[in-house]
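The structure under discussion appears below in the form of structure tokens.
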Amino acid sequence: MTYRKEIVPPGLERVLFTEAQVNRRIAEIAAEISAKYTERPLKLIGVLKGSVFFLTALARLITVPVKIDFLAISTFAPQPRASGGVVRISKDLDEGIENEDVLLVEDIVDTGLTTRYLLQMLAGRGPNTLGICTLLDRTSKRLVPVTIHYRCFEIPDRFVVGCGLDYKQLYRNLGYLAVLDPAAVTAD
Ligand code: PRP
């Protein structure tokens, strides 16, 4: 399968935001962040795997000193996260964040359960400041309130892929955001 730039591959319905729109918005958010965090290095914490593409693009456009670290999570079966399942850290940060200025970087906030859990967990480690920056915000799915400090796009209640977001681990590497064709969604 070859992905040609913004020619929608099989399985996708339409482009939601083009690569140029995504890049422009990330540049705007990077400028906001650069203007805010001027005093000390900023630590970006990415949540694997989805945030990797956004974090990388964002970090390259931030003009103040930046450190990065990653964590990975999984959800305890049998409860899915969307119905209140428990989030578990499957890969912790490599370094502590005590007294640091930290931004949690997500590809998407849906129910807010993951973000709420991660913010509580990170807050307990004594950062100087703690914020959240997300590429996408699907507020229609929200189950718990979350204050989002930086967000690129709010999206409709559709299955969106690209820029790190996947369907069955595919499409993460698209530079644009697209709506998955509902006919392509299979039960397995
Ligand atoms: C996504 C995203 C968040 C979470 C948000 O991860 O990266 O971590 O879902 O959902 P919530 O607001 O409903 O809690 P996903 O489980 O798709 O894993 P991935 O990043 O590896 O694709």
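All values derive from a computational prediction rather than experimental measurement.
For the pair Arg116/Val87, no side-chain contact is recorded, criterion being any heavy-atom separation below 4.5 Å from C-beta on. Leu177 is not listed as a side-chain neighbour of Val15, based on a closest heavy-atom distance of 4.5 Å or more. Side-chain contact between Asp157 and Lys141 is present, with heavy atoms from C-beta onward closer than 4.5 Å. Annotation: side chain of Leu180 is not in contact with side chain of Arg158 (no heavy-atom distance under 4.5 Å). Inter-residue side-chain proximity for Leu16 and Ile155 is flagged as met; some heavy-atom pair is nearer than 4.5 Å. In this structure, the side chains of Ile97 and Leu122 come closer than 4.5 Å at one or more pairs of heavy atoms.
A pairwise comparison of heavy atoms in Leu12 and Val161 identifies CD2-CG2, 3.5 Å as the closest pair. Among all heavy-atom pairs drawn from Pro127 and Val102, the shortest one is CB-CG2, 4.0 Å. Heavy-atom minimum distance, Ile26 versus Cys152: CG1-SG, 4.2 Å. Of all non-hydrogen atoms in Tyr171 and Pro10, the two that sit nearest each other are OH-O, 3.2 Å. The two atoms that bring Arg138 and Val160 nearest to each other are NH1-N, 4.1 Å, heavy atoms only. Across Gly175 and Cys163, no two heavy atoms sit closer than the pair O-SG, 3.3 Å.
Ionic pairing of Lys43 and Glu95 is present here: one or more N-O contacts between side-chain nitrogen and carboxylate oxygen are shorter than 4.0 angstrom. Residues Arg40 and Glu100 are not paired through a salt bridge, judged by the lack of any N-O separation under 4.0 Å between the basic side chain and the carboxylate. Taking the charged nitrogens against the carboxylate oxygens, Asp137 and Arg142 do have a contact shorter than 4.0 Å, which makes a salt bridge.
Distance alone, capped at 3.5 Å, is enough to place a donor-acceptor pair between the Asp69 side chain and the Asp94 backbone. A donor-acceptor pair under 3.5 Å links the side-chain atoms of Gln21 to the main chain of Thr18, judged by distance alone.
With values rounded to the nearest 0.5 angstrom, Gln169 atom CD is found 4.5 Å from Asp166 atom CG. Remark: Asp107 CG to Leu165 CG distance equals 4.5 Å, nearest 0.5 Å. Note that CG of Leu130 and CD of Gln120 are 11.0 Å apart. Values are rounded to the nearest 0.5 Å. Put simply, OG on Ser74 and NZ on Lys91 are 13.5 Å apart, with the number rounded to the nearest 0.5 Å.
When each of Val66, Leu42, Val64 is tested with Ile33 by the rule side chain to side chain contact (heavy atoms under 4.5 Å, CB included), just one qualifies, namely Leu42.
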### Task
Please assess Leu104 against Leu119 for the test side-chain contact (heavy atoms from CB on, under 4.5 Å), listing each intermediate value before the final yes or no.
CA-CA 8 Å; Leu104 183 66; Leu119 288 177; 4.1 Å; yes
* Leu71 vs Leu48, side-chain contact (heavy atoms from CB on, under 4.5 Å): CA-CA, chis, key distance, verdict -> CA-CA 6 Å; Leu71 53 77; Leu48 297 172; over 6 Å; no
Walk me through it: do Glu98 and Asn128 pass the test side-chain contact (heavy atoms from CB on, under 4.5 Å)? CA-CA 7 Å; Glu98 194 172 349; Asn128 182 48; over 6 Å; no
Q.
side-chain contact (heavy atoms from CB on, under 4.5 Å) for Tyr176 and Asn23? Distances and angles first, verdict last.
A. CA-CA 9 Å; Tyr176 54 89; Asn23 290 342; over 6 Å; no
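Residues in residues 130-165 take part in these ring-ring contact (aromatic ring centres under 6.0 Å, His included) pairs, two or more places apart or across chains: Phe17-Phe153, Phe159-Tyr167.
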Please set out all donor-acceptor pairs under 3.5 angstrom arising from side-chain atoms of residues 53-63, sequence neighbours excluded.
from: Thr56; atom 1: OG1; to: Val52; atom 2: O; distance (Å): 2.7
from: Thr63; atom 1: OG1; to: Ser34; atom 2: OG; distance (Å): 3.3

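Inspection of the Thr129 and Asp101 side chains reveals an N or O donor paired with an N or O acceptor under 3.5 Å. Checking Glu106 against Thr115 by side-chain atom types alone, no donor-acceptor pair falls below 3.5 Å. Checked by atom type, the side-chain pair Arg151/Thr134 shows no donor-acceptor distance below 3.5 Å.
The environment of Glu39 atom CD is sparse: at most 12 non-hydrogen atoms of other residues, nucleotides or ligands sit within 6.0 angstrom.
With sequence neighbours excluded, the residues forming a side-chain contact (heavy atoms from CB on, under 4.5 Å) with Pro65 are Pro41, listed by chain and number.
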